[in-house]
Every structure is written in structure tokens, then in C-alpha cells.
Number of protein chains: 2
Amino acid sequence: MTACDTCLVRNRAICSSLDTEELKALNNIGRRRTLTPGESLMWEGEDSVLVANVIEGVLKLSTGTEDGREQIVGVVYPSDFIGRPFGATSGHGVTALTEARVCVFSRKDFDAFAREHPALEHKLLQRTLAELDRTRRWMLLLGRKSAGEKLASFLLEMSERLVQPGCIDAPDLPLRQFALPFSRQQVADVLGLTIETVSRQFTRLKADGIIDLPSRREVVILDREGLAAEAG
Amino acid sequence: MTACDTCLVRNRAICSSLDTEELKALNNIGRRRTLTPGESLMWEGEDSVLVANVIEGVLKLSTGTEDGREQIVGVVYPSDFIGRPFGATSGHGVTALTEARVCVFSRKDFDAFAREHPALEHKLLQRTLAELDRTRRWMLLLGRKSAGEKLASFLLEMSERLVQPGCIDAPDLPLRQFALPFSRQQVADVLGLTIETVSRQFTRLKADGIIDLPSRREVVILDREGLAAEAG
DNA sequence: CGGAGTGTTGATAGGAGTCAATATATGTGG
DNA sequence: CCACATATATTGACTCCTATCAACACTCCG
């Protein structure tokens with residue numbers, strides 16, 4: 001009996017490639033950790049000492065310029081993998097946006113384990129390829145879309161990615177209503193905008209009847225068609 | 001004796017993970033292909049039918065919006081891998097910028113081969129992780145940098161990536177002078193700018209004595225320090 | 001030589017950034 | 001539980017950077 005047996009992401013994370021014995025071995029080199037919102041698991045430029053699986057919660061990956069401009073370069077959800085295996089440094093910071101639980105490994109231990117378990121490396125490769133696809137799609141948004149298109153695209157992606165899996169009765173359809181795990185500043189940092197511009201676009205979408213904002217963090221998509229049209 | 005024996009990237013591409021026998025097997029499922037500048041190897045949204053190794057030349061990966069805006073999401077050089085293994089569609093087009101030679105595989109054949117050769121998958125994982133790192137760094141540029149900073153960053157990266165490997169007497173230092181494999185429009189598509197803004201930034205950097213432009217495609221870095229400062 | 005493609009330069013406009021004030025949450029201690 | 005303090009978000013006025021529109025120059029080939 002290990003912590004993995006009751007793990008929420010047991011069948012979706014890269015661990016799903018392992019049998020019971022292997023899982024037990026992996027469990028031995030890992031440990032659980034809880035993060036509070038705002039708490040960081042690793043920092044940009046730091047030696048790559050840790051890797052982890054996300055069990056619960058949402059975390060951001062971010063880099064910045066020396067003069068303090070920040071850019072969120074990725075957002076990770078339960079079952080996603082974080083950290084830089086087989087590499088020296090981490091390239092971006094990892095910070096919890098919500099309360100979060102992760103399964104942490106020393107990078108060296110993980111690297112060694114992975115090299116001995118090709119099925120695990122295969123899962124990791126699949127995940128990395130999918131993440132690269134997603135990241136490249138995001139580049140189109142950053143490089144070529146207007147503020148309005150950026151926010152609309154972002155809200156659509158949120159409605160798809162924030163789906164809580166495991167609810168059998170509720171199929172994995174995009175959500176109509178959800179709680180943003182981001183502050184306005186963080187939305188701005190994802191989209192490459194300022195907080196003021198983000199705020200103005202939120203109020204415009206609301207005024208146009210495309211979304212509703214019951215509270216600062218709550219979003220209701222009233223007109224998904226319209227939102228998709230706004231996304232360009 | 002196979003084509004691989006004389007391959008320029010034999011020791012740098014993912015093939016370097018294979019022994020002579022395995023390489024022969026891989027060679028059997030692949031074929032060489034030459035591309036002329038502007039010629040595409042795959043298209044955005046298309047079924048993922050091919051993957052390839054770049055032997056010679058430079059190619060761009062690009063996506064666009066429906067209304068014709070384009071964004072270059074990656075640039076690949078000799079020894080780089082292209083295509084989307086283990087996936088249904090390709091997400092971005094691949095087009096040669098220079099005369100190019102590639103080693104092409106049917107994706108299905110390659111997938112099957114890779115799954116039987118963990119060392120190859122490991123190399124591919126390493127490459128994909130490195131590419132993801134690079135792509136995320138590029139997001140900072142797209143989201144947060146000014147036109148001047150973008151062009152300066154771009155020229156610095158070019159000077160590092162265009163190094164021709166294999167010249168033993170010339171170590172892999174950043175180049176002082178090089179021929180851009182991009183038109184002004186393509187530079188704009190990499191940086192998320194318009195052609196006019198790119199042109200203006202080129203002339204400004206030249207006027208400031210930081211670079212020289214012997215011809216449209218040639219760039220000389222006169223003041224690397226200064227260029228780095230401009231890159232922000 | 002001439003014409004098409006590519007790049008540069010100029011004038012103008014518009015979208016997002018900046019600075020500033022106000023409003024709304026969020027939290028704390030009395 | 002309320003008053004006040006702090007953080008977060010919205011709104012407004014204005015500026016500036018980059019896009020847009022347009023004219024002109026260069027270069028490469030037939």
C-alpha cells in the first residue's frame with residue numbers, strides 16, 4: 001500500500017505507464033508536498049534539482065526580464081509534469097496559483113529511474129510533445145493577436161482546461177462557469193498585456209453580453225459562439 | 001554501406017543513439033529529400049504523416065490565423081527533428097527557408113521504430129525538452145519586449161545558431177558576420193512585428209553603429225555588447 | 001533596359017501603455 | 001461586528017509605440 005494507490009491522477013499522470021511494482025519503487029524516491037497560493041517550487045535560472053507531478057491545483061511557469069517585466073510561459077494542471085529532467089537549469093519559475101499538492105522527486109533520482117523505464121519516458125515524451133504544441137499555439141496569440149482576441153482566447157482555453165476530471169456524471173465538456181485561478185495581473189502576464197488593458201477587455205466583453213462576471217474571479221460564458229468569434 | 005554512413009548529422013541527430021545495425025534498419029524506412037527555398041514539407045492542421053531529420057539547411061515552423069496573419073513558431077537547423085510523432089495532426093507548417101536536405105520517415109513507421117528503441121526515444125525526449133525551453137524563452141520576447149529589443153535578441157540568437165558545426169579550426173563561438181536565412185517579412189513573422197517596423201529597427205541599429213548591413217541578407221555585429229544591451 | 005519583387009522611408013492613425021484617481025474587495029484589530 | 005487599512009480592480013485622460021497606408025529605392029534577372 002503506497003500513497004499512489006489513492007492518487008487522484010494515478011491513471012492520467014506519467015505514472016500510468018508503470019505496474020504496481022514499479023510504482024512502488026517510484027513512490028520510494030518521491031514525496032508529497034503541499035503548496036499554498038503564491039508559494040514557489042522552483043525559481044528561474046536555478047539548478048534543476050527537482051521534478052514533480054501535479055496532483056491537485058494549478059501552478060504557473062514564469063520568466064521575466066531583468067527590469068521586472070514578467071511573462072507566464074505555461075500553466076499546469078493536475079496530472080501535468082513539472083521541472084526539467086535531463087537538464088542543468090530550470091529556465092522558469094514554478095509557483096502555485098491555488099492551494100496545490102504535488103509529488104516531488106529529486107531530479108537525479110528521477111532521471112535514473114526514467115532511464116530504466118522506457119514506458120515512463122515514452123509517457124513523458126508524449127506529454128512534452130503535447131505541451132510543445134500548446135506552447136507554439138500560444139505564440140500565435142502573443143505575437144499576432146489583439147488584446148480583445150487574447151482575452152477571448154484565454155477564457156475559452158480556461159473553460160476547457162479547468163474541467164475537473166473524474167466526475168462521471170458530468171462529461172468533460174467546456175465549462176460555462178468557472179473560477180479563474182488568476183488575478184488580473186496574472187492574466188496580464190499570461191497574455192503579454194497590462195492589467196489595465198485586461199480589465200478594460202473584461203468590462204467590454206461583459207458590456208457586450210458575451211460573458212458575465214459574478215465576482216472578480218468568477219466568469220460565466222453567456223455566448224460561447226460570440227466569444228469564439230472574438231478570439232479571432 | 002548506407003546513406004547514414006556519410007551523413008553530416010550522424011553524430012548529432014537523434015540517430016546518434018543507434019548502433020550500426022539499428023541505423024541500417026532506420027535507414028530502410030527513411031528516404032532523403034531535397035527542398036528548395038519556399039517549398040513546404042508539411043502543412044498546418046494536416047494529418048501527421050511524416051517526420052524527418054534536418055540534414056542541411058534552415059526551415060521554419062509556422063501557424064497563422066484564418067484572416068492571414070502569420071507567426072513563425074520555430075526555426076530548425078541541421079540535426080534538428082521535425083514533425084509530430086505519436087500525434088494525429090501537425091499543428092504548424094514546415095517550410096524550407098534555404099535549400100535544404102532532410103531525412104524523411106512515415107510517421108507510423110517511425111513511431112513503431114521509436115517504440116522499439118528506447119535510446120532513440122530518449123534522444124528525442126532530450127531534444128523536445130530543449131526545444132520547449134527555447135520556445136518558452138521566445139514567449140518572453142513575444143509578450144514583453146519592444147520592437148528594438150526583439151530584433152536585437154533575434155540577431156544575437158541568429159549569431160549563435162547559424163554556427164556551422166564541424167569546422168574544427170573555427171570553434172563554435174557566436175558569429176560576427178552571417179547571412180540571414182530570412183526575408184524582412186519572415187523576420188517580422190518571427191518577432192510578431194510588421195515588415196516596416198523591422199526595417200526601421202534594422203536601420204536604427206545600423207545608424208547607432210551596433211551592426212552593419214553589407215547587403216540585405218548580410219549582418220555584421222560591430223558591437224556585441226551594445227546589441228546585448230539593446231536586447232533588454 | 002525594364003519590370004517584378006523586396007526593402008526603405010515618410011506621414012498618419014490607432015491600440016495598448018502609462019500615470020493617476022477612484023472603487024471594490026480582503027483582511028485585521030479594536 | 002464594524003472601522004479602518006491594504007491589496008486588488010476599474011475607470012479616465014493622455015502619451016507613445018507600432019501598425020497602417022503610401023511613395024519611393026534597390027536589386028535581381030529575363
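Each chain gets a letter, A, B and so on, in the order its sequence line appears, and its residues count up from 1.
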Output side-chain donor-acceptor pairs under 3.5 Å for residues 49-63 of chain B, partner residues at least two apart or in another chain, one line each.
unit_1, atom_1, unit_2, atom_2, d
Glu56(B), OE1, Arg101(B), NE, 3.1
Glu56(B), OE1, Arg101(B), NH2, 3.4
Lys60(B), NZ, Glu70(B), OE2, 3.0
Ser62(B), OG, Glu70(B), OE2, 3.2

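No hydrogens or angles considered: nothing links the side chains of Arg216(A) and Ser183(A) as a donor-acceptor pair under 3.5 Å. Side chains of Lys145(B) and Thr65(A): a donor-acceptor N/O pair is absent below 3.5 angstrom, by distance only. With 3.5 Å as the limit, one finds no donor-acceptor pair spanning the side chains of Ser48(A) and Thr89(A). Side-chain atoms of Glu39(B) and Thr36(B) include a donor-acceptor pair closer than 3.5 Å.
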Identify the pairs formed between an N or O of the protein and an N or O of nucleotides 24-30 of chain D at a distance under 3.5 Å, and give each distance.
unit_1, atom_1, unit_2, atom_2, d
dC26(D), O2, Arg216(B), NH2, 3.2

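Rotation axes derived from the C1' atoms of the five outermost pairs at either end of the helix from dC1(C)-dG30(D) to dG30(C)-dC1(D) lie 30° apart, to the nearest 10°.
Residues Pro174(A) and Val163(A) approach most closely at CA-CG2, 4.5 Å, considering heavy atoms. Looking at every heavy atom in both residues, Val73(A) comes nearest to Met139(B) through O-SD, 3.6 Å.
Under the 4.0 Å criterion applied to side-chain N and carboxylate O atoms, Arg137(A) and Asp133(A) are not assigned as salt-bridge partners. A salt bridge links Asp189(B) with Arg144(A): at least one charged nitrogen is closer than 4.0 Å to a carboxylate oxygen. A salt bridge does not link Glu46(A) with Arg84(A): none of the charged nitrogens is closer than 4.0 Å to a carboxylate oxygen. Under 4.0 Å is where a charged nitrogen must lie from a carboxylate oxygen, and between Glu230(A) and Lys150(A) no such pair does. In summary, Asp208(B) and Lys206(B) do not engage in a salt bridge, as defined by a charged side-chain N under 4.0 Å from a carboxylate O.
For the segment residues 194-206 of chain B, the set of residues with a heavy atom within less than 4.0 Å of an atom of DNA chain D comprises Thr194(B), Glu196(B), Thr197(B), Arg200(B), in numerical order.
For residues 47-83 of chain B, every residue pair satisfying the ring pair (Phe, Tyr, Trp, His ring centres under 6.0 Å) rule, not counting sequence neighbours, is listed here: Phe81(B)-Phe110(B).
Boundaries of the chain A contact region on DNA chain C are dA16(C) to dA25(C), first to last in 5' to 3' order (nucleotide atom under 4.0 Å from a heavy atom).
Here Gly192(B) lies in heavy-atom contact (under 4.0 Å) with sugar-phosphate atoms only.
Between the CG atom of Leu191(B) and the C1' atom of dT18(D) there is a distance of 13 Å, rounded to whole Å.
For Arg217(A) and Leu193(A), each mapped to the nucleotide of DNA chain C holding its nearest heavy atom, the one lying further toward the 5' end belongs to Leu193(A).
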